[in-house]
Amino acid sequence: MTSALKNKWILITGASSGFGAAAARAFAAEGARLLLGARRVDRLEQVAAESRQAGAAEAHCRGLDVCQTASVDAFLAWARQTITPRQPSDARLDVLINNAGGALGLDTVAQGKDEDWEGMLQSNVLGVLRMTRAALPLMVSNPGSSILNIGSVAGRVAYEGGAAYCAAKAGELMITRALRLELNGTGVRVSTIDPGMAETEFSLVRFKGDADRAHKVYEGTQPLLAQDVADILVWVASRPPHVNIDELLVKSVDQAAIHKVFRRKPKTE
Ligand code: NDP
Ligand code: 8X3
């Protein structure tokens, strides 16, 4: 059976690693056409090549920093031109995945650093607003198109050291809800996918390259994998055009709650 996503245009931010890279490969397997953005262009090019191998009808990539309005606007101008080179005014985007973001540090508010707070709010909150504003002209005349925002359990439950990240993901949740109200009647669908703990480069970035500390986050437990989230994104985007999956919370079976993670004891010989 032909996939509902075959030849559809999918724009993914943060496609150079983790959920974004896995999503690129998963949409590629459906025969979709991809527009991939992130700051590490060498990694993006690798993901685009893997996506072509996985079956993408087309896979294009370009540098993108969602913290800069000029970068976002230049990316969307390129996307428009790539989708319909002859008549860019007719370009239609089918799926926008606002995935770029992450956490910086695990400091309490008392110890918090301005650059970490600003970085988290810039990418996770303002990045979603900027990307959505720039992409909407390609979507409002395309009923059944989808905006899929990546939130987090952290946007729903606070934890120590997570004040700014939790605030940022709670911001993403409110942006998603407001946008769904604003777009009512256009046929554009708006969803938030909110994962719990998943093993990607997330903790390596949070702990500024400290691989040992990042590794400990997942020790003894089975976290979600990037592929799990990618499968969900494909499923949400391929529902019939009248179906809007509003909010989807997904956690590993080992994570009963944000603070309650089951960890297996290391095996002793
Ligand atoms: P990764 O660190 O593996 O991926 C993050 C991606 O975001 C990278 O591709 C990175 O690319 C990109 N990115 C970061 N900042 C920017 C920026 N300013 N402009 C463009 N791209 C940017 O982590 P995940 O895949 O886990 O994270 C993806 C999303 O999922 C994030 O929003 C994160 O908050 C969220 N999330 C993660 C969870 C987890 O436990 N892993 C759970 C719940 C939500 P580059 O550095 O090349 O720009
Ligand atoms: C990432 C999940 O619990 O580390 O959004 O904040 S958590």
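First listed ligand is number 1; within each ligand, the first listed atom is number 1. The first residue in the sequence is number 1, and the count goes up from there.
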For this session: Please identify which atoms of ligand 1 are closer than 4.0 Å to at least one heavy atom of Asn99.
Result: 28 (C), 29 (C), 30 (O), 31 (C), 32 (O)

Identify all side-chain donor-acceptor contacts of residues 147-158 below 3.5 Å with residues at least two apart in sequence or on another chain.
residue, atom, partner, partner atom, Å
Asn149, OD1, Asn98, ND2, 2.9
Asn149, ND2, Thr176, OG1, 3.1
Ser152, OG, Ala154, N, 2.8
Arg156, NE, Asp194, OD2, 2.8
Arg156, NH2, Asp194, OD2, 2.9
Arg156, NH2, Glu247, OE1, 2.9

Exercise. When rounded to the nearest 0.5 angstrom, what is the spacing between OG1 in Thr13 and CG in Leu35?
Worked result: 12.0 Å

Exercise. Is there a nitrogen or oxygen of Ala103 sitting under 3.5 Å from a nitrogen or oxygen of ligand 1?
Worked result: no

Exercise. Would you say Arg40 and ligand 1 have an N/O pair spaced under 3.5 Å apart?
Worked result: yes

For this session: Compute the minimum heavy-atom distance from Ala154 to ligand 1 and say whether it is under 4.0 Å.
Result: no

Problem set entry | Contact with ligand 1 for Gly151, non-hydrogen, under 4.0 angstrom | yes

Exercise. By number and element, which atoms of ligand 1 are closer than 4.0 Å to a non-hydrogen atom of Gly18?
Worked result: 3 (O), 25 (O)

Exercise. If you measure from CG on Leu104 to NZ on Lys208, what distance do you get to the nearest 0.5 Å?
Worked result: 6.0 Å

Seminar exercise, completed: If you scan protein heavy atoms around atom 33 (C) of ligand 1, the nearest is Tyr165 OH, 3.6 Å

For this session: If you have a sec, work out which protein heavy atom is nearest atom 11 (O) of ligand 1 and how many Å separate them, to one decimal?
Result: Ser16 OG, 2.9 Å

Problem set entry | Any donor-acceptor N/O pair, Arg189 side chain to Ile245 backbone, under 3.5 Å | no

Problem set entry | ligand 1 atoms in contact with Ile150 (distance to a heavy atom under 4.0 Å) | 29 (C), 30 (O), 35 (C)

For this session: Answer with yes or no whether Thr13 contacts ligand 1, where contact means a heavy atom under 4.0 Å from a ligand atom.
Result: no

Exercise. Going through the distances and angles, do Arg92 and Ser141 end up as a side chain to side chain contact (heavy atoms under 4.5 Å, CB included)?
Worked result: CA-CA 8 Å; Arg92 302 274 179 277; Ser141 54; 3.5 Å; yes

For this session: Without swapping roles, check the side chain of Arg33 against the backbone of Trp9 for a donor-acceptor pair under 3.5 Å.
Result: no

Seminar exercise, completed: Pro195 heavy atoms within 4.0 Å reach ligand 1 at atoms 42 (C), 43 (C), 44 (C)

For this session: Note the single closest protein heavy atom to atom 42 (C) of ligand 1, along with its residue, its atom name and the distance in Å.
Result: Gly196 O, 3.2 Å

Exercise. Taking only heavy atoms of Asn124, which atoms of ligand 1 are found under 4.0 Å from at least one of them?
Worked result: 32 (O), 34 (O)

Exercise. Is it the side chain, the backbone, both or neither of Leu224 that has a heavy atom closer than 4.0 Å to ligand 1?
Worked result: neither

Exercise. Hey, does Tyr218 come in under 3.5 Å of ligand 1, counting only N/O atoms on both sides?
Worked result: no

Exercise. Does Glu199 come within less than 4.0 Å of ligand 1, judged by its heavy atoms?
Worked result: no

Exercise. Among all protein non-hydrogen atoms, which one is nearest to atom 27 (O) of ligand 1, and what is the separation to 0.1 Å?
Worked result: Phe19 CD1, 4.3 Å

Problem set entry | Asn244 side-chain N/O to Val190 backbone N/O, donor-acceptor pair under 3.5 Å | yes

Seminar exercise, completed: Ranked by distance from atom 14 (C) of ligand 1, the top protein heavy atom is Arg39 NH2, 3.3 Å

For this session: Ignoring angles and geometry beyond distance, decide whether Ser17 reaches within less than 3.5 Å of ligand 1 through its nitrogen or oxygen atoms.
Result: yes

For this session: Report the distance from atom OG of Ser51 to atom CD of Gln46, rounding to the nearest 0.5 Å.
Result: 10.5 Å

Problem set entry | For atom 18 (N) of ligand 1, closest protein heavy-atom neighbour | Asp65 OD1, 2.9 Å

Problem set entry | Arg206 side chain vs Ala103 backbone, donor-acceptor pair below 3.5 Å | no

Problem set entry | Polar proximity ligand 1 side, Ala198 side, N/O cut 3.5 Å exclusive | yes

For this session: Write out the residue and atom name of the closest protein heavy atom to atom 5 (C) of ligand 1, then the distance separating them to 0.1 Å.
Result: Gly101 O, 3.7 Å

For this session: Look only at interatomic distance and state if Gly14 has a nitrogen or oxygen under 3.5 Å from any nitrogen or oxygen of ligand 1.
Result: yes

Exercise. With backbone taken as N, CA, C and O and side chain as the heavy atoms from C-beta onward, which portion of Lys169 lies under 4.0 Å from ligand 1: side chain, backbone, both, or neither?
Worked result: side chain

Problem set entry | Geometric N/O contact Met197 with ligand 1, under 3.5 angstrom | no

Exercise. Salt bridge check: are Asp210 and Lys216 linked by an N-O gap of less than 4.0 Å?
Worked result: no

Exercise. Hey, which atoms in ligand 1 end up nearer than 4.0 Å to a heavy atom of Leu64?
Worked result: 19 (N), 20 (C)

Exercise. Quick one: nearest non-hydrogen protein atom to atom 19 (N) of ligand 1, plus distance?
Worked result: Val66 N, 3.0 Å

List, pair by pair, the atoms of ligand 2 and of the protein that are both N or O and lie under 3.5 Å apart, giving the separation rounded to 0.1 Å.
residue, atom, partner, partner atom, Å
ligand 2, 5 (O), Ser152, OG, 2.5
ligand 2, 5 (O), Tyr165, OH, 2.6
ligand 2, 6 (O), Tyr159, OH, 2.6

